[in-house]
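Here the structure is laid out as structure tokens; the discussion comes afterwards.
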Amino acid sequence: MDQLSGRGLWLDAPMPERDQTATVNPAQPPKEAEPEGKPDPHLPLPDDYVAQMGQRSLWIIEHLGPFLLDVGEELLTEWRKSAHDGKCSKDARKKILLRVLAARHAGDPSDPPWTSLRCPEPPFTIRLSTHGETAGRRFKGAAAASASDDGDEDESLESIKWPPYNLAHFTGLCSVLQGAHFFVASMAMAARQSESMDLPRNCVVYGKDGHWRAVGRTFKLVQALGGELRDWDLPEAAARAIEQQARLARMLEQMPWSEDLSALLDPEFAAFKGEHLWCRIGSGATNPRKVPRDPNKFLRKYARMLDMETEPAGQPLRTHRFRKTIARLAALAIDEAPLMLKQLFGHKDIEMTLHYILADKALAAEIEQIIKELHMMRAKAPVEAFVARLASSEARKHGADELDVNYGGYGGKAVDRLADTVERYRDQAVAAGRMRNSSEDFGADHIDDVVRILTGDGTYFNLVRPGVFCTKRLGEWGPCSRKKGQADRSNCQETCDHRLEEPWLRADADGCVADALAGYERAMVDGEVLLQSFWADQVRRNVVRFEDLRAKWMQHAVIAQIMAAGEPAAAEAA
């Protein structure tokens with residue numbers, strides 16, 4: 001760059017204004033190094049903070065939102081009528097607002113909130129900026145108000161705390177409503193700031209699969225200058241919040257804020273229809289026809305309006321922390337969280353997603369602990385079933401009817417090993433005097449001990465696929481990996497000694513055997529040797545999944561023949 005610029009071939013080269021020929025004098029003492037800047041990684045939001053702000057946001061969306069939208073649309077209609085009648089002053093606008101609010105709160109107190117006739121008091125504090133009219137005033141709900149804040153019902157609207165009674169209150173509550181929409185949408189989508197602020201008003205679509213989605217553009221990690229289209233799955237609450245925000249934006253941009261009602265008669269003003277979803281609302285900056293300059297400041301202002309902390313966990317509230325929060329919650333709750341988060345965040349490779357999850361050492365330790373607890377929780381149900389089976393065997397020894405001889409409905413070749421572990425634990429506990437010679441002594445503490453033994457204190461018992469567990473340990477050989485090491489989930493085989501299947505898969509295995517048998521017989525009639533071999537292998541794989549199904553299908557002559565033909569090959573492979 002320096003050479004091309006010096007030759008006059010690159011006229012706008014971004015070269016720094018410094019002496020390029022300067023050298024370092026080795027005789028001089030070394031310059032003091034500049035202090036290294038400490039990174040400030042985005043932290044997930046605390047659980048209590050998310051729960052509290054989420055509950056308040058949902059209340060605002062459900063109760064305050066319909067009230068404000070209906071009041072605003074009625075105001076807009078009345079203001080237009082007043083403008084056509086030549087009454088365009090700001091005083092006329094205020095009088096109309098007072099009349100509309102008074103009429104809204106003159107209904108029957110027993111009316112449900114969705115009628116929008118009355119807006120109930122919020123059960124938490126809402127702090128509003130009122131353009132200097134009543135600066136610092138708080139609206140306190142029933143749960144937050146003190147005795148001194150209780151107002152007399154006979155007092156004028158100007159002196160009571162709730163409901164709102166002037167335009168500044170209405171504007172501030174609209175800003176609160178937009179903050180609630182933004183919080184719910186951000187928690188649902190975990191989108192980047194550029195993606196959230198670029199959402200159009202018609203972004204919500206209802207798919208043919210019955211799920212809500214938000215369609216927008218992403219700009220990072222893509223080649224297109226204008227971004228690329230993508231979508232986010234939405235829960236219904238978030239979809240309703242975005243749709244309500246679109247209605248709020250359309251209403252606010254049609255209202256005259258900085259001038260009198262005469263603006264409503266301007267054809268250009270009335271014809272304006274924006275596409276942006278989020279509006280600029282607030283004291284001294286009310287211009288809904290523009291997008292907020294700084295979403296982070298807008299988000300922190302929303303926290304202040306709810307009388308909540310603006311720096312939860314010691315870090316300022318900002319939009320990117322929603323992505324970290326979703327990453328943490330998903331990593332704690334879902335086994336396949338990295339792959340799901342990769343798709344949600346729009347990452348190009350899994351390493352970026354893993355960095356999100358593991359950058360925080362405390363979060364990594366928390367995830368590890370949760371995974372161990374999940375493994376132990378999954379193992380508890382089959383252990384309880386095997387304990388019940390052991391009790392059944394003990395009862396049969398004493399002449400009782402047979403209660404359960406099918407391993408509690410569980411399948412897979414691991415059932416024998418797990419049942420044997422339960423019996424050996426019982427025998428050792430009896431020898432040590434911790435239990436009598438009866439399975440009825442298996443209490444919760446004993447079951448937890450067996451679970452810890454089976455899972456290696458939560459290290460093993462992985463979920464391979466829905467309903468299928470892998471009990472293989474690192475020092476055990478498995479056919480999936482052909483070695484003593486980490487199991488290969490993608491190559492899990494029905495004949496593996498470490499495979500355990502839940503009872504609800506029995507119908508699936510039974511259907512697979514029936515379909516494979518039908519395919520085998522068709523291939524035999526058609527003389528398709530390769531297809532016949534394929535279907536025979538499917539029969540062998542699925543017959544052995546559940547012991548009672550094996551006993552059932554071995555009564556079939558063709559199945560017995562297929563299984564007999566496969567035994568030498570299986571022994572040779574072993």
Side-chain angles (χ1 to χ4, degrees), residues 37-54 57 178-199 203 214 216-222 227-228 230-235 238 241-242 245 276-280 291-306 308-334 337-364 366-367:
K38 294 183 179 180
D40 185 21
H42 301 282
L43 301 177
L45 297 172
D47 292 340
D48 294 341
Y49 190 88
V50 173
Q52 186 178 21
M53 183 171 280
S57 298
Q178 178 173 246
H181 295 155
F182 189 81
F183 177 83
V184 171
S186 298
M187 280 298 299
M189 297 172 59
R192 298 181 180 92
Q193 185 180 112
S194 58
E195 297 166 346
S196 296
M197 304 312 293
D198 188 69
L199 287 174
C203 63
R217 291 184 298 171
T218 183
F219 303 91
K220 191 174 182 180
L221 307 176
V222 298
E228 292 181 0
R230 64 155 296 183
D231 56 34
W232 292 264
D233 288 326
L234 293 176
I242 294 177
Q245 172 62 28
H276 56 283
L277 181 63
W278 311 107
C279 300
R280 192 179 300 173
V291 181
R293 296 188 184 94
D294 189 345
N296 292 327
K297 290 183 179 179
F298 159 68
L299 189 60
R300 289 191 286 271
K301 180 182 177 181
Y302 175 62
R304 290 195 301 271
M305 287 177 169
L306 296 187
M308 293 184 63
E309 196 177 352
T310 58
E311 295 188 3
Q315 188 178 71
L317 189 61
R318 48 200 185 209
T319 56
H320 206 81
R321 295 187 67 180
F322 288 110
R323 291 169 67 83
K324 288 286 187 172
T325 304
I326 294 299
R328 174 183 175 275
L329 294 176
L332 294 179
I334 309 171
L339 295 177
M340 296 185 65
L341 291 171
K342 175 178 176 291
Q343 181 180 6
L344 176 64
F345 290 162
H347 290 162
K348 293 301 181 183
D349 55 69
I350 197 66
E351 292 183 1
M352 296 180 65
T353 309
L354 292 175
H355 174 75
Y356 261 71
I357 299 175
L358 301 178
D360 185 354
K361 294 183 179 180
L363 174 59
E366 188 177 7
I367 291 173

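Atoms considered below: every heavy atom in the structure, side chains included; atoms not considered: hydrogens, waters and symmetry mates.
- Side-chain contact check for F322 versus L299: some heavy-atom pair is nearer than 4.5 Å.
- For the atom pair CE (M189) and CG (L199), the distance works out to 4.5 Å, reported to the nearest 0.5 Å.
- Side-chain contact check for S194 versus K220: every heavy-atom pair is 4.5 Å or farther apart.
- A pairwise comparison of heavy atoms in P44 and R321 identifies O-NH2, 3.4 Å as the closest pair.
- Checked by atom type and distance alone, the side chain of Y49 pairs as donor or acceptor with a backbone atom of E309 at under 3.5 Å.
- Using a 4.5 Å cut-off on side-chain heavy atoms (C-beta onward), M187 and S57 make no contact.
- With a 4.5 Å cut-off on side-chain heavy atoms, L45 and L317 count as touching.
- W232 contributes no side-chain N or O that, together with a main-chain N or O of A188, makes up a donor-acceptor pair within less than 3.5 Å.
- Not a single donor-acceptor pair under 3.5 Å links the side chain of Q245 to the backbone N or O of H181.
- When every heavy atom of A313 is checked against every heavy atom of L43, the shortest pair comes out as O-CD1, 4.3 Å.
- Pairing each heavy atom of W278 with each of P292, the nearest pair is O-CD, 3.4 Å.
- Between atom NZ of residue K301 and atom CG of residue D294 there is a gap of 12.5 Å, rounded to the nearest 0.5 Å.
- Panel note: side chain R280, backbone V291; a donor-acceptor pair is recorded below 3.5 Å.
- Judged by distance alone, the side chain of D198 and the main-chain N or O of T218 form no donor-acceptor pair under 3.5 Å.
- Between H42 and the choices R318, H320, K324, the side chain to side chain donor-acceptor pair (under 3.5 Å) rule is met once, by R318.
- When side chains are defined from C-beta on, F219 does not count as touching R192, because their heavy atoms never get closer than 4.5 Å.
- Between F298 and F182, the ring center distance clears the sub-6.0 Å criterion.
- Scanning both residues, L234 and A238, for their nearest heavy atoms gives CD2-CB, 4.2 Å.
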task = Check the pair C203, I242 against side chain to side chain contact (heavy atoms under 4.5 Å, CB included), reporting the backbone distance first and the verdict last.
result = CA-CA 8 Å; C203 63; I242 294 177; 3.6 Å; yes
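- Between the side chain of Q178 and the backbone N or O of C279 there is at least one donor-acceptor pair closer than 3.5 Å.
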ask   = Checking side chain to side chain contact (heavy atoms under 4.5 Å, CB included) for the pair N296/Q193: CA distance, chi angles, key distance, verdict?
value = CA-CA 9 Å; N296 292 327; Q193 185 180 112; 3.6 Å; yes
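- Once rounded to the nearest 0.5 Å, the distance linking CD of E195 with CZ of R217 reads 11.0 Å.
- Summarising the geometry of A190 relative to R323, their closest heavy-atom pair is O-NH1, 2.8 Å, with the distance given to 0.1 Å.
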